[in-house]
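A short worksheet on the structure shown next.
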Amino acid sequence: MPANQLGPDGWRKPWSGGNGGSCVEAKKLNDGRVALRQSTDPDGPALIYTNHEITTFIEGAKSGQADFLLG
């Protein structure tokens, strides 16, 4: 879905770092789902995940299941 349809408020950059301002932004939706968008393209697409999907992803990343993506 286009991220601009989700409104401008409530977007946060939990993974912001020293990458020149290109960050992933997240927004918790009223129904518990989570939207992710690219900060450099706020009118571009947003990926929408259920609470279960985002919880599974974050828990997996914390436990090292995504370490293959590093370096």
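Below, each value reflects all heavy atoms present in this structure, side chains not excepted, and no hydrogens, waters or symmetry copies.
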Over all heavy atoms of both residues, which pair between Trp11 and Ala3 is shortest? Give the atoms and the distance, please. CZ2-O, 4.1 Å
Report the hydrophobic cluster partners of Phe68, with the cluster defined as I, L, V, M, F, W, Y residues connected by side-chain heavy atoms closer than 4.5 angstrom, directly or transitively. Leu69
Closest non-hydrogen contact found for Ile48 with Met1 is CD1-SD, 4.3 Å
Does Asp31 have any side chain to side chain contact (heavy atoms under 4.5 Å, CB included) partners at least two apart in sequence or in another chain, and if so, which? Leu29, Arg33
If you look only at pairs with a residue in residues 35-55, which of them pass as a salt bridge (Lys or Arg N to Asp or Glu O under 4.0 Å), with sequence neighbours excluded? Glu25-Arg37
Residues 54-62, side-chain donor-acceptor partners within the protein, below 3.5 Å, at least two apart:
from, atom 1, to, atom 2, distance (Å)
Thr55, OG1, Asn51, O, 2.8
Thr55, OG1, Asn51, OD1, 3.4
Thr56, OG1, His52, O, 2.8

